[in-house]
Number of protein chains: 2
Amino acid sequence: MAEKTTYSISELAKEFDVTTRSVRFYEDQGLLKPARRGQTRIFSSKDRVRLKLILRGKRMGFSLAETKELFDLWDETLTGNEKQLLKMLTILDNKRAQLEQQKNDIAQAEMEMDTAEARCREALADLQKRKRQQKGAEKEAPEPAEQK
Amino acid sequence: MAEKTTYSISELAKEFDVTTRSVRFYEDQGLLKPARRGQTRIFSSKDRVRLKLILRGKRMGFSLAETKELFDLWDETLTGNEKQLLKMLTILDNKRAQLEQQKNDIAQAEMEMDTAEARCREALADLQKRKRQQKGAEKEAPEPAEQK
DNA sequence: AATTTACTTTACGTTTACGTAAACTTTATC
DNA sequence: GATAAAGTTTACGTAAACGTAAAGTAAATT
């Protein structure tokens, strides 16, 4: 038994660096379904996984609604009628296309950042050069008399 | 002269499949700065590039404010004082880290989609199998008499 | 001249993803 | 048993990114 199986709301919040408010909100929107002991929420490791997926989804630009759709779909898929399964397969295909697009976007962004960085470094080198040149000039004519 | 140099709002909107409302909103937020002929906006190819960047940013989960920050910073950088240049370099570094995170996220997502797809296909194969078995059974005992 | 078409500003409405405060209960600690 | 700590619900507030009229202008077409 290496894995902890239940978590409090603040444990999860701390682990993933979100507020408890957010966690409750995700439950409200049907993305998490913690058990209860009285009023208190008790999160399972499944909930934990889902929270992780929610946050990754957000980083990838997915809305909560989109993520919920996927969760729901996957749950339905597990009940396993043929139509659901086929639907899931096509949706997986679509998501894959989305990921491809994102990979392209990232690659583009990286290239542009490369050229941006290069330009920055060039500009910096230029500045350094001018500084050195000025220092040389100062030796020829020291103290270039301030303008009053 | 291969490149068109000016665009109307609806040309851009159509090309990038956004509403004119969005384009005006981006201007409002300081992300685009089209020239004017009287009241009418005239977009340059620089504006076009920026719009492309805005939309890519959105796909990558950047807010308009974040994108604007980058635009502004880059503009300042072009004026080229040393502090700005160094700041830009560190920001580029941060963005690179963000992209790395996103690449990880995407890789994870792809793996999970692989296993998801596998499970789907397994489940489907299972269903097919049962269908065949049922057909076989029908031959042994045809018309399994409906329950009234 | 009248109409259509594209564009404009102004402004209120909407959805998403929480923040924040208030008032209350439950659980742990001294 | 008082008090602090963590949890709860309810509810109003907010920023972002537009949607959606409403009402007007300007240019091109019939």
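Nothing here was measured: the structure is a model prediction, and the numbers come from that model. All values below were derived from every heavy atom in this structure, side-chain atoms included, with hydrogens, water molecules and symmetry-related copies excluded. Convention: sequence-line order gives letters A, B, ...; per-chain numbering from 1.
More than 12 heavy atoms of other residues, nucleotides or ligands shown are found within 6.0 angstrom of CZ on R36(A).
The side chain to side chain contact (heavy atoms under 4.5 Å, CB included) search around K52(A) returns F16(A), R48(A), not counting sequence neighbours. Residues passing the salt bridge (charged side-chain N to carboxylate O under 4.0 Å, His left out) test with D47(A), sequence neighbours excluded: none. Applying the salt bridge (charged side-chain N to carboxylate O under 4.0 Å, His left out) criterion to K68(B), with sequence neighbours excluded, gives D72(B). Checked against side chain to side chain contact (heavy atoms under 4.5 Å, CB included), R24(A) has the following partners two or more places apart in sequence or in another chain: I9(A), T20(A), R41(A). Listed by chain and number, the residues in a salt bridge (charged side-chain N to carboxylate O under 4.0 Å, His left out) with E82(B) are K131(A) (sequence neighbours excluded). Remark: E69(A) pairs with no residue by the salt bridge (charged side-chain N to carboxylate O under 4.0 Å, His left out) rule, at least two apart or across chains.
Atom pair K14(A):NZ and dG7(D):C1' shows a separation of 15 Å (rounding to whole Å applied). In this structure, E66(B) places its CD atom 11 Å from P of dA16(D), rounding to the nearest Å. Nucleotide dA6(D) holds its P atom 16 Å from the CG atom of L12(A), rounded to whole Å. Rounding to whole angstrom units, CD of residue E69(A) and P of dT16(C) are separated by 12 Å. The distance between atom CD of E27(A) and atom P of dT10(D), rounded to the nearest whole Å, is 12 Å.
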Can you give me the N/O atom pairs linking the protein to nucleotides 17-21 of chain C at distances under 3.5 Å, or say none if there are none?
residue : atom : partner : partner atom : Å
dA17(C) : OP1  : L64(A)  : N            : 2.9
dA17(C) : O3'  : K58(A)  : NZ           : 3.3
dC18(C) : OP1  : K58(A)  : NZ           : 3.1
dC18(C) : OP2  : Y26(A)  : OH           : 2.7
dC18(C) : OP2  : K58(A)  : NZ           : 2.4
dG19(C) : OP2  : T19(A)  : OG1          : 2.7
dG19(C) : N7   : R21(A)  : NE           : 3.2
dG19(C) : O6   : R21(A)  : NH2          : 3.0
dT20(C) : O4   : R21(A)  : NE           : 2.9

Distances under 3.5 Å only, N/O to N/O: pair up the protein atoms with those of nucleotides 3-7 of chain C.
residue : atom : partner : partner atom : Å
dC7(C)  : OP1  : S8(B)   : OG           : 3.2
dC7(C)  : OP1  : S10(B)  : OG           : 2.6
dC7(C)  : OP2  : S10(B)  : OG           : 2.5

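Phosphate contact (OP1/OP2 of dT8(C), side-chain N/O of R37(B), threshold under 4.0 Å): absent.
Sorted by first and then second residue, the salt bridge (charged side-chain N to carboxylate O under 4.0 Å, His left out) pairs involving residues 116-128 of chain A (not counting sequence neighbours) are E117(A)-R121(A), E117(A)-R96(B), D126(A)-R130(A).
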